[in-house]
Every structure is written in structure tokens, then in C-alpha cells.
Number of protein chains: 2
Amino acid sequence: MATGRTHRPATRSRGIPEATVARLPLYLRALTALSERSVPTVSSEELAAAAGVNSAKLRKDFSYLGSYGTRGVGYDVEYLVYQISRELGLTQDWPVVIVGIGNLGAALANYGGFASRGFRVAALIDADPSMAGKPVAGIPVQHTDDLEKIIDENGVSIGVIATPAGAAQQVCDRLVAAGVTSILNFAPTVLSVPDGVDVRKVDLSIELQILAFHEQRKAGEEASPDGSGPAAAPKDTSGQGPDGDVPAVMPA
Amino acid sequence: MATGRTHRPATRSRGIPEATVARLPLYLRALTALSERSVPTVSSEELAAAAGVNSAKLRKDFSYLGSYGTRGVGYDVEYLVYQISRELGLTQDWPVVIVGIGNLGAALANYGGFASRGFRVAALIDADPSMAGKPVAGIPVQHTDDLEKIIDENGVSIGVIATPAGAAQQVCDRLVAAGVTSILNFAPTVLSVPDGVDVRKVDLSIELQILAFHEQRKAGEEASPDGSGPAAAPKDTSGQGPDGDVPAVMPA
DNA sequence: ATGTCTTTGTGAACGCGTGCACAAAGATGG
DNA sequence: CCATCTTTGTGCACGCGTTCACAAAGACAT
Ligand SMILES: NC(=O)c1ccc[n+]([C@@H]2O[C@H](COP(=O)([O-])OP(=O)(O)OC[C@H]3O[C@@H](n4cnc5c(N)ncnc54)[C@H](O)[C@@H]3O)[C@@H](O)[C@H]2O)c1
Ligand SMILES: NC(=O)c1ccc[n+]([C@@H]2O[C@H](COP(=O)([O-])OP(=O)(O)OC[C@H]3O[C@@H](n4cnc5c(N)ncnc54)[C@H](O)[C@@H]3O)[C@@H](O)[C@H]2O)c1
């Protein structure tokens, strides 16, 4: 049983701040688009606009990688694409397994964005015996029994979990035991992993709830200057006013 | 054409920090699980462990909502579920539209996690005429032509974009013009929206690239203590060493 | 009623991330 | 070769988020 910590200790990796690492893929995407249009160089201002960030932030981010720009000119697009790709480890080929080939897992398997950047779907794994052998996105689904063998034979170090929440921790434990050290989790659960294993989660429900919070705030802040606002306010299920304070009734 | 800024100005909403808001759904999930097991009260230590965060952080988070705990005892589970739900706006019913009913959009439509928390799929919208009327997850797909009408009639303020990247900005503009003020974007593009509109993005490709960065770091840090490591190292496409410095060749 | 024991709520310190503003670097033109 | 102009790279200040550590609050037993 994995008893590791869950929150990552913000390991200042190689002098490159975590926040910068998270933005590098954004820059890379913008640069790739420029590259396809054969744009030779780009200024920090232009690239920042394309990536949706502050230009000073972008320059500082790049300064962690080295001095790759030319003052008075900007950055060489091709060269920067290469440097960021190398920094992110995308010059390597990363075999990935997807576990749980349901609605979401199948969509992921069909997603073209994988192969475009050094990621290769090495195998699809599901616990349902009736799915074994059936091809999804051209790849035959394999049974969970062979999980360890699949990980080992393909040299997989990145796993994607798209099983129901109840199975996620168990699947995670098996992946980690088999040698996987990076996990992308789509199941709405907190995964416990040993030190040295990275977990990132994608949680649709959380994102929606955050949006709902801000949405409620927007609706509540302007008391009611106009009845026919940008969108009709959703009906309130509770009798609670939108800006009301504590109901002042403590159950216990 | 929407010419707004993209990065949110970190609007310190109602005194509640953004980082806290992002964790509230996590607490709520853990509390809901406790509630279903009829656990009456929970300490900050226990709940923090369940949510995978530091207990001091959790207490400080709750302190922004008010003093809902009892010293020496902990927090009343049911009461806290209600308070957080109310704070997040989940006591209301939020109609949501999904635009782009392909692989991903269909998976999202089939996802049960929507209805579980106040979110209701009000409509599915796609540009493909051959899909119009066809039911997905029990809901008939409607054509993009009727987008504005659908938003208006259902009082939708939250939209989910699952179209190809090329169509995302255009769809976004139409949603915003029709009154949507919160957008969850699955397409790999930076969306420009006017002030007052919130955008959150879910980007599989970025998450994988961040994992790859750390994976590369792990593999490179221990020089090579063992050839048969936890997982065989993926083959290097370039001739570049994993820890190599700049190639010292500047194209331009 | 009083003491003990548990757990909350928060003051304070610290570190990270962000953005301003500017000096230095280098291209470009005369 | 020199002047000018553009754009990078970064020192600095500030604010947010995290964590420690502890006093205060309240439950519970006697
Ligand atoms: N569908 C979505 O849009 C969506 C969105 C966000 C999150 N999620 C989450 O993603 C996960 C999958 O969602 P889904 O809609 O694809 O569900 P699903 O039920 O369609 O698919 C789940 C799949 O996992 C397989 N499975 C179950 N236990 C397994 C195990 N122990 N090992 C291997 N495979 C196993 C099942 O056979 C099934 O094929 C869920 O946790 C869900 O909450 C889904
Ligand atoms: N499939 C995945 O797992 C996955 C993962 C991450 C990101 N994404 C992104 O999500 C988006 C959708 O992915 P997908 O695999 O479902 O693609 P898809 O091609 O299967 O589906 C796209 C759907 O959008 C519709 N569409 C196109 N233009 C439209 C428009 N202007 N208005 C309304 N609908 C329109 C198409 O008719 C199609 O049904 C893409 O941007 C993709 O990059 C997908």
C-alpha cells in the first residue's frame, strides 16, 4: 500500500521555477504555430501576446533557460522551439498507457494531440474482459491482468488513469509498483503515491465549481441594476439570498 | 471581435483568496464522502489528510468562510457541506451548454459528474448538420445556428468548448456575445475574452509535457546507477545527452 | 465549579511569483 | 566608426500563498 504524501514539495527542479515549467508548453505551442508560418524571429512582446502572458514574465521565463534572444531583434523561432522541446524532454519518445477505456479513455485514445509531441499511446488497458482484444483508435485493448508486463515491456513511465474513482487508487498502486513514475489522473480522487512519483490531476468537476463561484459572485455583486442582464439568473434552489450572511443556525 | 485581456487579474473576490476557492471543491468532495458514511464530525487533521493538504492550510481556508468549527471537537460535517456548497454557489442550479460534440464532447455529455453537483447539461451544440437531432446521452444535439437562442432561452451562463482548436475562438465569441460569462475550454488555444468573463482551460497536452519535464529530470539526475531502472529509459530521438548543455550552435 | 485536554483560529515569518522599469547589448543606418 | 533605435535580460519591490507555532476556546471528566 502506498503511503506517500500527496502534495508535491514544489521541488525547484533545476533552477527552473515550477510556474515557468507550466508555461513552457504554452510558449511552445505559440512558437510552433509561428514556425509553421515560417516566421523567422519573434519579439517577446509578440510571443507574449500569442501566449496570453505578460512580456516581462515571458522574458524572465526564458532567462532561466539561458540567453537565447538577440537584443534589438527578438528570438529565433526555430532555435527556441528546439530549446524548449529539449528542456521539456520532448526530443525523447514517451510511451504512455491509458487505463480505463470507457467514455473518456476512448476519447483520449482517439485524441491526436498525443502523437504530435513525442507522446505515443503504447497500450490501452481495461478491467472489462469483454473489451479485451477489441480495437479502440486502432489499438487493441488489453486486460488489466497484463498491466505489469505491458509497463515493463514497453518501458512506460507515464500512465493515464481514466477509471471510475473507486478503482483509481488501486490502479495507481499497480502502475507505481510496475515502474510508472508519472501519473495523469482524470478520476475525481486524491491519489496517494510514494515520494519520487509525480501526479497531476484533471478534474472537470472542480473547474466547473470554481467557475460557479465566480459566476455567483458576479451575479451577486451588482445588486440588481437591470432585470434583463447578460443572462437570466438561474433559479435559486434554496431560500437563501445570493449575498446573504450566515443563516445563524448551527445544527450541532 | 473580442479584444479583452486573457489572464485574470486575480480578483480577490470577497476576501476569499483564489487559491482557497480552488481547494473548496476538494474539501467538499471529502466531506460528502464522510457524510455518506454518516460521520458526524471531523477534525482539521483528518479532513486535511483526506483532501491531501496541510491541516493549517485547511483551517486557514475555512477561516475565510467564518468560524464554523468547534474547538476540541472539529467541524460538523453536514453543516460544513452546506456552507461550502453555498459559498461555491452549488445551492443553485447551473445550466451548462457543451459546444462541439465529438469524441470529447460526447464523453463529457455522458459524464455523470455534472448532475451530481448542481450542474445540468441544458443543451449540446455542434456545427455538423448531420448530427442535428441525434441524441447523445439522451439529449438531442442542436445546430450551431441556434446557439444564441439556446443560451437565451435556458438562461445559460456557463459554456464548455470542446471543438477543434481552430473553431474555439469563434465559438467563444458567440457564446460571450450571447451572454455566457464563464467558459471551460478544452481546445488547445488561448482564448481572448472581454473583462468580466472567466475562462478556465483543461489542457491534456500541457499536463503531459509538465510530467515529461519532471520525468526527464528524474532520469537525468541520477547519472545512471542502474541500467535496469524502475522503467527502461525511452530511446532518445536526438543525439543530445539527457543532461547536456546548450549545443552551442546558434542558427541565426 | 474547576481543571485538563483537545483542537480551532490566527499572528507572524518566509518564500515564490509577478510586473515595473531600466541599463546593457546589439542591430541598423549614415 | 559613430549615433540611434529596438529589444533583451534582470534588479527590485510588492503581494499572495504557505507553514509554523501558540494562545484561546470549549468539551468533558471529576
Ligand atoms: N467522461 C467524462 O467526460 C469525464 C470527465 C471528467 C472526469 N471523468 C472521470 O473519468 C473516469 C472515467 O470516466 P468515464 O466516463 O470514461 O467512465 P466509464 O464508466 O465510461 O469508463 C470507465 C472504464 O474503466 C474501466 N475500469 C473499471 N475498473 C477498472 C480497473 N480496476 N482497471 C482498469 N479499468 C477499469 C471500466 O471497464 C470502463 O471501461 C471517471 O472517474 C470519471 O469520474 C470523466
Ligand atoms: N479527445 C480528447 O481526449 C481530447 C483531449 C484533450 C483536448 N482535446 C481537444 O478537445 C477538442 C475536441 O476534441 P475531439 O477529440 O472531441 O475532436 P472531434 O473532432 O472528435 O470533435 C470536434 C467536434 O466539434 C464540432 N465542431 C467543429 N467546429 C465547430 C463549430 N464551429 N461549432 C460547433 N461545433 C464544431 C465537430 O463537428 C465535431 O463534432 C479539440 O480541440 C481537442 O484538441 C481533446
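Each chain gets a letter, A, B and so on, in the order its sequence line appears, and its residues count up from 1.
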Quiz item: Nearest to the side chain of B:A19, which nucleotide is it out of D:dC20, C:dT10, D:dG17?
Solution: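 Ranking D:dC20, C:dT10, D:dG17 by closest atom to the B:A19 side chain puts D:dG17 first.
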Quiz prompt | Nucleotide nearest A:P17 when distance is taken to its side chain, options C:dG17, D:dC20, C:dG19 | solution =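 The answer is C:dG17.
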For atom [atom1] of [X] and atom [atom2] of [N], their distance in whole Å:
| X | N | atom1 | atom2 | value |
| --- | --- | --- | --- | --- |
| B:Y79 | C:dT8 | OH | P | 16 Å |
| B:D76 | D:dG26 | CG | P | 16 Å |
| A:Y64 | D:dT10 | OH | C1' | 10 Å |
| A:L58 | D:dT8 | CG | P | 9 Å |
| A:L80 | D:dG9 | CG | C1' | 14 Å |
| B:L65 | C:dT8 | CG | P | 15 Å |
| A:R23 | C:dT18 | CZ | C1' | 8 Å |
| A:I16 | C:dC16 | CD1 | P | 15 Å |

Self-check item: side chain to side chain contact (heavy atoms under 4.5 Å, CB included) between A:T181 and A:V176, intermediate numbers included
Solution: CA-CA 6 Å; A:T181 48; A:V176 170; over 6 Å; no
Exercise. Name all residues meeting the side-chain hydrogen bond (donor to acceptor under 3.5 Å, both in side chains) criterion together with A:S205; count only those two or more places apart in sequence or in a different chain, and write none if there are none.
Key: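 A:Q209.
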Self-check item: Side-chain heavy atoms of A:Y111 within contact of B:L104, under 4.5 Å
Solution: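 Contact flag for A:Y111/B:L104 side chains = no.
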Exercise. Check whether any side-chain heavy atom of A:T189 sits under 4.5 Å from a side-chain heavy atom of B:R29, and report yes or no.
Key: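 They are not in contact (no side-chain heavy atoms under 4.5 Å apart), so the answer is no.
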Quiz item: Cut-off 3.5 Å, side chains only: do A:Y82 and A:E78 have a donor facing an acceptor?
Solution: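 No.
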Quiz prompt | No-hydrogen, no-angle side-chain donor-acceptor test under 3.5 Å, A:D61 and A:T20 | solution =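 Indeed, the side chains of A:D61 and A:T20 share at least one donor-acceptor pair under 3.5 Å.
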Give a yes/no on whether any side-chain N or O of [X] is located under 4.0 angstrom from OP1 or OP2 of [N].
| X | N | answer |
| --- | --- | --- |
| B:N54 | D:dG17 | no |
| B:Y75 | C:dG9 | yes |
| A:S44 | D:dT7 | no |

Practice problem: With DNA chain C as reference, determine whether B:F62 or A:A56 sits nearer its 5' end, using the nearest nucleotide of each. | Solution: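 Nearest-nucleotide comparison on DNA chain C picks B:F62.
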Exercise. List the protein contact pattern of nucleotides 22-30 of chain C with one symbol per nucleotide (5' to 3'): B for base contact, S for sugar-phosphate-only contact, - for none; contact means a heavy-atom distance under 4.0 Å.
Key: --BB-S---
Quiz prompt | Partners meeting ring-ring contact (aromatic ring centres under 6.0 Å, His included) with A:Y75 (sequence neighbours left out) | solution =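 ring-ring contact (aromatic ring centres under 6.0 Å, His included) check on A:Y75 returns A:F62.
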Quiz item: Between the side-chain atoms of B:K60 and the base atoms of C:dG9, is any donor-acceptor pair under 3.5 Å?
Solution: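 Side chain to base: no pair below 3.5 Å.
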